[in-house]
Amino acid sequence: ADERSIMTYLLQYFHAFSGSQKAELAGKRISKLLAGLRSNEELRHDYETRAQQWLAWAAHKTDELNSTKFDNSLEGAKRDLEELKSFQSTEKPEKAAQKLAIEGVFNNLQVKLRNAKRSPYVPPVGAAPANLEGSWDTLQKAERVREQAIRDEIAKQQKMEELYKRFMEKQAKLKAW
């Protein structure tokens with residue numbers, strides 16, 4: 001009888017541990033699923049936040065570049081050109097890198113969702129990668145137009161300075177005469 005009772009106890013322990021392993025495995029699977037969902041939600045939030053910030057910057061900078069106000073001096077026009085060159089060499093490359101990073105987050109999220117057999121992420125209206133690209137194209141066009149306007153203003157101011165010099169020379173000759 002002792003052998004049977006020992007076998008019964010061993011069998012009960014086996015079933016108890018077997019059931020706990022199944023529960024542990026189910027817990028690990030649920031934990032992994034929740035971690036994946038949390039990660040995807042963090043990527044969504046990161047994408048939306050960064051995309052909205054970048055789009056706001058692009059809209060502001062495009063408006064700034066579309067301005068054709070000049071202070072009507074050669075020095076002012078040259079200063080405007082230097083500011084544009086500074087933008088092109090510092091701020092623009094940083095924002096281009098940010099745009100690529102934002103698109104990378106979007107693509108990473110889409111790949112993770114596809115691999116998990118989930119429906120693809122649809123960004124909010126106005127914050128899709130196509131909107132980022134469209135804003136970038138608009139910004140570049142505004143940049144080219146601004147640069148041409150500044151160069152035209154410089155040429156105009158140089159011509160006006162030349163005309164002023166000629167006028168002053170003629171005035172000096174008239175006074176001397």
Does the side chain to side chain donor-acceptor pair (under 3.5 Å) test come out yes or no for Q98 and E94, once each step is laid out? CA-CA 6 Å; Q98 284 180 4; E94 290 172 11; 5.9 Å; no
| Salt bridge check: are E143 and R146 linked by an N-O gap of less than 4.0 Å? | no
* Are the side chain of N108 and the backbone N or O of G104 linked by a donor-acceptor pair below 3.5 Å? -> no
task = Report yes if the side chains of P120 and L113 come closer than 4.5 Å at any heavy-atom pair, otherwise no.
result = no
Give a yes or no on whether the backbone of S86 and the side-chain of T90 come within a donor-acceptor separation of less than 3.5 Å.
-> yes
Inset, instruction - Show your reasoning for whether side chain to side chain donor-acceptor pair (under 3.5 Å) applies to Y121 and E48. - result: CA-CA 11 Å; Y121 168 63; E48 290 173 9; 2.5 Å; yes
Does some side-chain heavy atom of K78 sit less than 4.5 Å from a side-chain heavy atom of I150?
no
Among side-chain atoms of Q52 and W57, is any donor-acceptor pair under 3.5 angstrom? no
One should read off an interatomic distance between Q158 CD and L74 CG, to the nearest 0.5 angstrom, of 5.5 Å
Residues pairing under salt bridge (Lys or Arg N to Asp or Glu O under 4.0 Å) where one sits in residues 114-138, two or more places apart or in two chains, turn out to be K99-E133
On a heavy-atom basis, the closest approach of T62 and A142 is CG2-CB, 4.0 Å
Residues at least two apart in sequence or cross-chain that pass side chain to side chain donor-acceptor pair (under 3.5 Å) with E64, listed by chain then number, are K61
- Query: Is T138 close to K141 at the side-chain level, that is, under 4.5 Å between some pair of heavy atoms?
  - Reply: no
Heavy-atom closest pair (D71 atom, A77 atom, distance to 0.1 Å) is OD1-N, 4.2 Å
Rounded to the nearest 0.5 angstrom, the OG1-CG distance for T68 and D152 is 11.5 Å
Distance col, row E82:CD vs L84:CG, nearest 0.5 angstrom, shows 9.5 Å
P123 and A128 have their tightest heavy-atom pair at CG-CA, 3.7 Å
Worksheet entry | Any Q157 side-chain heavy atom under 4.5 Å of N72 side chain | yes
* To do: Test R151 against E147 for salt bridge (Lys or Arg N to Asp or Glu O under 4.0 Å), laying out the working first.
  => CA-CA 6 Å; R151 292 190 186 283; E147 184 171 8; 3.0 Å; yes
Side-chain donor-acceptor contacts of residues 29-47 below 3.5 Å, not counting sequence neighbours, with atom names and distances?
unit_1: S39; atom_1: OG; unit_2: K112; atom_2: NZ; d: 2.4
unit_1: N40; atom_1: ND2; unit_2: G36; atom_2: O; d: 3.4
unit_1: E41; atom_1: OE1; unit_2: R44; atom_2: NH1; d: 3.4
unit_1: D46; atom_1: OD2; unit_2: R50; atom_2: NH1; d: 3.3
unit_1: Y47; atom_1: OH; unit_2: A127; atom_2: O; d: 2.4

Any side-chain to backbone donor/acceptor pair from W54 onto K95? Under 3.5 Å, distance only.
yes
If you define the side chain from C-beta out and look only at heavy atoms, does anything of I102 sit under 4.5 Å from L132? yes
Output for pair (H60 NE2, L65 CG), nearest 0.5 Å, gives 9.5 Å
NZ (K92) and NZ (K85) are apart, to the nearest 0.5 Å, by 10.0 Å
- Evaluation steps, side chain to side chain donor-acceptor pair (under 3.5 Å), between N107 and E103: CA-CA 6 Å; N107 292 332; E103 290 172 346; over 6 Å; no
